[in-house]
Amino acid sequence: QVQLVESGGGLVQAGESLRLSCAASGRTFSSITMGWFRQAPEKEREFVAAISWSGGRLYYASSMKGRFTISRDNAKNTVYLQMDSLKPEDTAIYYCAADPGSSSVFSDTAYAYWGQGTQVTVSS
């Protein structure tokens with residue numbers, strides 16, 4: 001079992017930055033791939049970014065590459081999502097997810113564990 005708790009969401013203006021954190025507990029955090037997804041009102045959940053267990057492989061949705069940066073600190077059992085140049089269309093609930101196993105990191109159905117989500121609201 002892995003328990004995930006997100007934090008760092010909030011209300012910002014367009015162009016500003018936020019850093020989300022996801023603290024993990026349970027089984028060995030340093031051995032599993034972690035991901036971030038988001039879900040806007042009346043839209044399906046979408047992939048944002050993922051990072052391999054070592055941090056050596058990074059994956060981004062094309063619309064966020066260059067603005068968002070995923071990282072992890074295995075000593076702190078924490079994964080981060082740095083979000084810069086935020087836009088109103090980035091408004092969503094952001095979810096941390098763990099352990100897609102051997103399935104695609106881009107698919108939300110692959111992940112075994114989920115956090116409760118943190119709200120990010122970007123005003124224009």
Side-chain angles (χ1 to χ4, degrees):
Q1 289 288 333
V2 177
Q3 293 77 44
L4 304 172
V5 179
E6 302 97 334
S7 61
L11 172 63
V12 297
Q13 293 187 335
E16 295 184 339
S17 299
L18 276 176
R19 188 176 81 155
L20 305 183
S21 300
C22 173
S25 60
R27 52 174 287 201
T28 307
F29 172 81
S30 60
S31 67
I32 56 178
T33 292
M34 300 293 295
W36 286 98
F37 289 77
R38 70 184 187 185
Q39 188 167 20
E42 301 182 357
K43 292 188 177 180
E44 293 187 353
R45 188 160 54 189
E46 64 173 339
F47 172 79
V48 174
I51 185 167
S52 63
W53 65 271
S54 66
R57 293 187 180 181
L58 307 177
Y59 309 85
Y60 293 100
S62 57
S63 62
M64 299 155 214
K65 194 171 185 179
R67 297 192 300 123
F68 291 8
T69 304
I70 190 171
S71 62
R72 66 190 296 161
D73 185 339
N74 286 345
K76 295 183 178 179
N77 281 10
T78 301
V79 63
Y80 304 98
L81 184 68
Q82 176 68 39
M83 305 185 294
D84 299 320
S85 302
L86 283 163
K87 305 174 182 180
E89 51 264 44
D90 293 318
T91 295
I93 300 174
Y94 284 71
Y95 296 92
C96 175
D99 196 9
S102 59
S103 300
S104 170
V105 302
F106 303 101
S107 172
D108 62 344
T109 59
Y111 288 78
Y113 306 101
W114 291 84
Q116 82 289 350
T118 186
Q119 176 71 48
V120 172
T121 303
V122 184
S123 63
S124 58

Listed by chain and number, what are the side chain to side chain contact (heavy atoms under 4.5 Å, CB included) partners of [X], not counting sequence neighbours?
X: Ala23; result: Thr78
X: Glu44; result: none
X: Thr121; result: Leu11, Thr91, Gln119
X: Glu42; result: none

Practice task
Verify side-chain contact (heavy atoms from CB on, under 4.5 Å) between Met83 and Leu18, making sure each step is shown before the conclusion.
Solution key: CA-CA 5 Å; Met83 305 185 294; Leu18 276 176; 3.9 Å; yes
Mind checking the [atom1]-[atom2] spacing from [X] to [Y]? Nearest 0.5 Å is all I need.
X: Lys65; Y: Leu58; atom1: NZ; atom2: CG; result: 9.0 Å
X: Ile93; Y: Thr118; atom1: CD1; atom2: OG1; result: 9.0 Å
X: Asn74; Y: Ser31; atom1: CG; atom2: OG; result: 9.0 Å
X: Glu6; Y: Tyr95; atom1: CD; atom2: OH; result: 8.5 Å
X: Tyr94; Y: Leu81; atom1: OH; atom2: CG; result: 7.5 Å
X: Tyr113; Y: Leu4; atom1: OH; atom2: CG; result: 9.5 Å

Inter- and intrachain pairs under disulfide bond (SG atoms under 2.5 Å apart), touching [range], at least two apart:
range: residues 38-91; answer: none
range: residues 29-82; answer: none
range: residues 59-124; answer: Cys22-Cys96

Quick check: does any side chain N or O of [X] sit under 3.5 Å from a backbone N or O of [Y], one acting as donor and the other as acceptor?
X: Gln82; Y: Arg19; value: no
X: Arg57; Y: Thr33; value: no
X: Gln116; Y: Val5; value: no

Which atom names give the shortest non-hydrogen contact between [X] and [Y], and what distance separates them?
X: Met34; Y: Ala98; value: SD-CB, 3.5 Å
X: Val2; Y: Ala24; value: CG1-CB, 4.3 Å
X: Ala110; Y: Ser104; value: CB-O, 3.5 Å
X: Asp108; Y: Arg45; value: OD2-NE, 3.3 Å

Practice task
Output every pair passing ring-ring contact (aromatic ring centres under 6.0 Å, His included) with a member in residues 37-84, not counting sequence neighbours, ordered by first then second residue.
Solution key: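 Sorted pair list: Phe37-Phe47, Phe37-Tyr111, Phe37-Trp114, Phe47-Phe106, Tyr59-Phe106.
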side-chain hydrogen bond (donor to acceptor under 3.5 Å, both in side chains) partners of [X], counting only residues at least two apart:
X: Ser17; answer: Asp84
X: Ser107; answer: Thr109
X: Arg67; answer: Asp90
X: Glu46; answer: Arg38

Exercise for the section: State plainly whether one hydrophobic cluster holds both Met64 and Val105, where clusters connect Ile, Leu, Val, Met, Phe, Trp and Tyr through side-chain heavy atoms under 4.5 angstrom apart. Expected result: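 No; tracing contacts between hydrophobic side chains, which count when under 4.5 Å, never links both residues.
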